[in-house]
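Start at 1 with the first residue, then count along the sequence.
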Amino acid sequence: MAKLLFVMTGTAYWTLKDGTRHATGYWAEEFAAPYKALTEAGHQVVVATPNGVVPTVDMMSLRPEMAGSAQIALDLEAIIRSAEVMRRPIQLADARLEDYDAVYFPGGHGPMEDLCVDADAGRLLTEALAGGRPLAIVCHAPAAMLATRIQGVSPFAGYRVTAFTNEEENAVGLGPKARWLLEDELVDLGVEFTKGEMWKPYTVVDRNLFTGQNPASAAVLAERLLKVL
């Protein structure tokens, strides 16, 4: 049995270009699908957030039209409700990489607010990448890679990476409102950014780094993780 660290956003909003707060958090499917797959396979999950706050689900992700159907939305909600680990997260500052076999960062717009500037998230990412442990990051969570920069240089430079694309951000109407776009910032970071079709599952593996483009990619990412655990 492996022990996995899920590093999750602790915020319930994302500050837009005009200063308004867009209600968000983590995206339900990006937590629930991997959590279910990994725990059903017998693995243990520990959740960590900045300051140990209980993660907030983005309510948009539980709407039937966003989840795929009313039944899928109910199933996601049931998984989240049953996940005791979500009610007692550890503080990200206390997370020690040597205690875990793999690390996973679910997305939602929340990481665009907090994990992108979180020194502890940056430390864990840098250590996981260097240490060779499987490191999986999906959708908006690659924003946390921005916190790995030291004097403008990131250890992720040169890695093949995917994440939520500019096209997808524009399609949900938030592209023009954002202070910055994830795809643009990752390209500036020096990664080799690659992408698939909008909303379709698309994952990339480069050495021990596993990335997924969007919510639909989370379950595929979990399958790929299961194979290496």
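- Between Glu223 and Lys227 there is no salt bridge, since none of the side-chain N atoms of the basic residue sits less than 4.0 Å from a carboxylate O of the acidic one.
- Each of Leu225 and Leu124 belongs to its own hydrophobic cluster when Ile, Leu, Val, Met, Phe, Trp and Tyr are linked at side-chain heavy-atom distances under 4.5 angstrom.
- Donor-acceptor pairing under 3.5 Å is recorded for the side chains of His140 and Glu169.
- Val57 places none of its side-chain heavy atoms less than 4.5 Å from the side chain of Phe31.
- The hydrophobic cluster containing Met112 also contains Ile137, counting ILVMFWY residues as joined when their side-chain heavy atoms lie under 4.5 angstrom apart, directly or transitively.
- Remark: side-chain polar atoms of Asp58 are paired, donor with acceptor, to backbone N or O of Met60 under 3.5 angstrom.
- Partners of Tyr104 under the ring pair (Phe, Tyr, Trp, His ring centres under 6.0 Å) rule, at least two apart in sequence or in another chain, are Phe6.
- Note on Val138 and Ile79: same hydrophobic cluster, where clusters join Ile, Leu, Val, Met, Phe, Trp and Tyr whose side-chain heavy atoms are under 4.5 Å apart, directly or indirectly.
- Note: Phe164 and His109 have perpendicular aromatic rings, judged against thresholds of 30 and 60 degrees for the angle between ring planes.
- Pro215 places a side-chain heavy atom less than 4.5 Å from the side chain of Cys139.
- Clustering ILVMFWY residues whenever any of their side-chain heavy atoms sit less than 4.5 angstrom apart, transitively, puts Leu92 in a cluster other than the one holding Tyr35.
- Tyr159 carries Arg207 over the face of its six-membered ring, with the cationic atom under 6.0 Å from the centre and within 45° of the normal.
- Heavy-atom contacts from other residues, nucleotides or ligands closer than 6.0 Å to NZ of Lys3 number more than 12.
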Please report the C-alpha distance between Ser154 and Thr148 in whole Å, then the side-chain angles of each, then the deciding distance to 0.1 Å, and finally whether the side chain to side chain donor-acceptor pair (under 3.5 Å) criterion is met. CA-CA 5 Å; Ser154 167; Thr148 65; 2.7 Å; yes
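- When all heavy atoms of Ala2 and Leu229 are compared, the closest pair comes out as CB-CD2, 4.1 Å.
- For residues 98-118, the salt bridge (Lys or Arg N to Asp or Glu O under 4.0 Å) pairs, not counting sequence neighbours, are Glu113-Arg179.
- With respect to Lys195 and Glu167, a salt bridge is recorded, a charged nitrogen being found less than 4.0 Å from a carboxylate O.
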